[in-house]
Participant: 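I have a structure here, written as structure tokens, and I will follow up with some questions on it.
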Amino acid sequence: MRKGLLLKTHWIAAVVLMALAGIWGSGISEGSGSKIKPGTVYTRNSAGEQVIAYNAGHLYTLDKDGHVMISYNNGKTKVKAPLTLNPGYDEESGMSADGSGFFISTDKTAIVYGGSRAIPVQVLITNDQGKTWNTYPVTKEITGTTKNIGFITRNDGWMVLSSFKGMGSEDHYLYKTRDGGKTWNEVKGNVNEVYARVLTGAGFANDKIGFMGFRYETDFQPAVCWTQDGGKSWTKLHLKLPGGFEEYSLTPLSPVFDGARGQFPVQLSKDGASNVVGTIYLTSSNYGKTWKYQKLVRNLSP
């Protein structure tokens with residue numbers, strides 16, 4: 001996707017998702033820690049570009065030297081993180097912005113990066129909006145082509161490290177923390193046996209129920225797998241949509257939750273992965289056990 005179109009996609013997503021942010025309450029719970037205020041969630045679309053799945057009013061940018069700049073509360077507060085990333089995507093370095101994972105909340109901001117031969121996967125965390133930062137190791141394995149991260153409480157978090165194999169094949173490795181991100185443990189599961197394609201989103205409702213979404217490829221659309229045992233076993237989730245979307249390719253992004261209430265964005269594309277024409281929003285009131293169609297938001301015309 002051309003740079004101008006990518007910037008427009010980010011802007012549209014930010015406006016739409018900020019408008020939808022009113023469905024959430026003051027915090028998210030359902031784990032071993034205290035509530036956490038909603039965070040902005042970044043993921044990737046069907047073309048592989050980084051997009052915002054949910055905008056809580058907190059964003060990141062890179063300055064001219066590649067320093068990660070975080071803005072909170074719609075730009076009222078801006079801080080510089082002790083991390084430098086390369087713009088765009090660079091699979092080999094493990095230090096590209098588009099290949100890193102971001103979760104940005106006023107209660108906790110987490111950036112996962114690395115995964116190359118030179119740099120193991122690490123996560124940079126602040127719990128006080130950038131006043132102090134700490135870096136914690138995740139794994140020394142050479143994995144993490146792209147990364148997704150999120151927290152359901154101040155203590156309970158998850159990340160998915162994806163390792164691209166070629167020809168649309170990709171393996172996924174789930175890690176969890178119960179101490180706010182200081183230590184991470186891999187959850188051995190069967191998701192790669194169920195559906196090992198390109199990841200476009202991930203999210204957990206609580207410590208048991210979680211979801212992974214994948215780029216459109218086959219008749220299995222939108223391609224979503226879910227777990228009800230914390231990530232040990234995964235099955236395909238066949239979401240029912242109203243008529244009228246058969247002509248589009250459907251790519252699920254990352255679902256987000258406030259307790260039992262969830263929101264699942266699904267992008268519509270036509271005539272190519274980069275031609276995203278709109279986003280369907282599904283909602284749930286029972287931790288994602290069932291989903292129903294809420295609305296379609298079409299992209300603005302060029």
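Just so it is clear, the structure is predicted and the values come from calculations on it, not from any experiment.
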Participant: Keeping Thr200 on the side-chain end and Arg44 on the backbone end, is there a donor-acceptor pair under 3.5 Å?
Facilitator: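 Between the backbone of Arg44 and the side chain of Thr200 there is no qualifying donor-acceptor contact (under 3.5 Å).
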Participant: Relative to the ring of Tyr293, is the ring of Phe245 parallel (under 30°), tilted (30 to 60°) or perpendicular (over 60°)?
Facilitator: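 Rings of Phe245 and Tyr293: tilted, as their planes differ by 30° to 60°.
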Participant: Step by step, work out the side-chain contact (heavy atoms from CB on, under 4.5 Å) result for Ile149 and Val123.
Facilitator: CA-CA 9 Å; Ile149 189 168; Val123 60; 3.8 Å; yes
Participant: Hey, what do you get for CG (Leu282) to NZ (Lys295), rounding to the nearest 0.5 Å?
Facilitator: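 Taking CG in Leu282 and NZ in Lys295, the distance rounds to 13.0 Å.
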Participant: If a pair satisfies salt bridge (charged side-chain N to carboxylate O under 4.0 Å, His left out) and one of its residues is in residues 59-86, list it, with sequence neighbours excluded.
Facilitator: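 Found none.
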Participant: Ring centroids only, cut at 6.0 angstrom: are Phe220 and Phe214 within range, meaning strictly under it?
Facilitator: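 Centroid distance Phe220-Phe214: not below 6.0 Å, so no.
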Participant: Any chance you could measure Leu239, atom CG, to Trp291, atom CH2, to the nearest 0.5 Å?
Facilitator: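 So the CG of Leu239 and the CH2 of Trp291 are separated by 8.0 Å.
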Participant: When hydrophobic residues are tied together by side-chain contacts of less than 4.5 Å, even through go-betweens, does Leu237 share a cluster with Tyr216?
Facilitator: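 As far as the 4.5 Å side-chain criterion goes, Tyr216 and Leu237 are not connected within one cluster.
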Participant: Under the side-chain hydrogen bond (donor to acceptor under 3.5 Å, both in side chains) criterion, do Ser284 and Asn286 qualify, and how do the steps go?
Facilitator: CA-CA 6 Å; Ser284 174; Asn286 55 8; 2.8 Å; yes
Participant: Which pair of non-hydrogen atoms, one from Ile36 and one from Phe103, has the smallest distance, and what is that distance?
Facilitator: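 Looks like CD1-CE2, 3.9 Å.
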Participant: Which heavy atom of Val266 sits nearest to which heavy atom of Pro222, and what is that distance?
Facilitator: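 Closest pair (atom of Val266, atom of Pro222, distance): CG1-CB, 4.0 Å.
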Participant: Is a donor on one side and an acceptor on the other found under 3.5 Å between the side chain of Thr40 and the backbone of His58?
Facilitator: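 Flag set: sc Thr40 to bb His58 pair under 3.5 Å.
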Participant: Side chains of Ser96 and Asn86: donor-acceptor distance under 3.5 Å anywhere?
Facilitator: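 Note: Ser96 and Asn86 side chains miss the donor-acceptor criterion.
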Participant: Just checking, is any N or O donor in the side chain of Thr183 or Asn185 under 3.5 Å from an acceptor N or O on the other one?
Facilitator: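 No, because no side-chain N or O of Thr183 sits under 3.5 Å from a partner of the opposite role on Asn185.
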Participant: Take the angle between the ring planes of Phe211 and Phe257 and call it parallel below 30°, perpendicular above 60°, tilted in between.
Facilitator: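 Rings of Phe211 and Phe257: parallel, under 30°.
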Participant: Any side chain to side chain donor-acceptor pair (under 3.5 Å) involving residues 237-252? Give me the pairs, sequence neighbours left out, ordered by first then second residue.
Facilitator: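 Found Glu247-Lys270.
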Participant: Please walk me through it: do Asn148 and Leu199 pass side-chain contact (heavy atoms from CB on, under 4.5 Å)?
Facilitator: CA-CA 9 Å; Asn148 291 67; Leu199 190 80; 3.7 Å; yes
Participant: Could you pull out all residues at least two apart from Thr84 that satisfy side-chain hydrogen bond (donor to acceptor under 3.5 Å, both in side chains)?
Facilitator: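 Checked Thr84 against side-chain hydrogen bond (donor to acceptor under 3.5 Å, both in side chains); zero matches.
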Participant: So which atom in Ser34 and which in Arg154 form the shortest heavy-atom distance, rounded to 0.1 Å?
Facilitator: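 Closest heavy-atom pair between Ser34 and Arg154: OG-CD, 2.8 Å.
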Participant: Which atoms form the tightest heavy-atom contact between Ile111 and Ile70, and what is the distance?
Facilitator: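 Heavy-atom minimum between the residues: CD1-CD1, 4.5 Å.
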Participant: Under the 3.5 angstrom rule, does the side chain of Gln221 hit a backbone N or O of Leu250 as a donor-acceptor pair?
Facilitator: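 Yes, Gln221 side chain to Leu250 backbone: donor-acceptor pair under 3.5 Å.
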Participant: Pairs in or reaching into residues 184-206: which pass salt bridge (charged side-chain N to carboxylate O under 4.0 Å, His left out), with residues at least two apart or in two chains?
Facilitator: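 Residue pairs passing salt bridge (charged side-chain N to carboxylate O under 4.0 Å, His left out), neighbours aside: Glu186-Lys188, Arg197-Glu217.
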Participant: Which pair of heavy atoms, one from Val256 and one from Tyr54, lies closest together, and at what distance?
Facilitator: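 Closest approach of Val256 to Tyr54, heavy atoms only: CG1-CB, 3.6 Å.
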Participant: Return the set of residues passing side-chain contact (heavy atoms from CB on, under 4.5 Å) with Thr177 (not counting sequence neighbours), or none when no residue passes.
Facilitator: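 So Thr177 forms a side-chain contact (heavy atoms from CB on, under 4.5 Å) with Phe151, Asp179, Trp184.
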Participant: Please collect all side chain to side chain donor-acceptor pair (under 3.5 Å) contacts where either partner lies in residues 161-172, sequence neighbours excluded, each pair once.
Facilitator: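 Every side chain to side chain donor-acceptor pair (under 3.5 Å) pair that includes a residue of residues 161-172, provided the two are not neighbours, is Ser162-His172.
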Participant: Given the rule in the side-chain contact (heavy atoms from CB on, under 4.5 Å) test, do Lys108 and Ile125 qualify, once you have shown the distances and angles that lead to the verdict?
Facilitator: CA-CA 7 Å; Lys108 185 180 292 287; Ile125 292 178; 4.1 Å; yes
Participant: Applying side-chain contact (heavy atoms from CB on, under 4.5 Å), run through Met159 and Val138 and close with a yes or a no.
Facilitator: CA-CA 10 Å; Met159 71 171 65; Val138 179; 3.7 Å; yes
Participant: Closest approach of Asp107 and Lys35, non-hydrogen atoms and distance?
Facilitator: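 Scanning both residues completely, I find the closest heavy atoms to be OD2-O, 4.1 Å.
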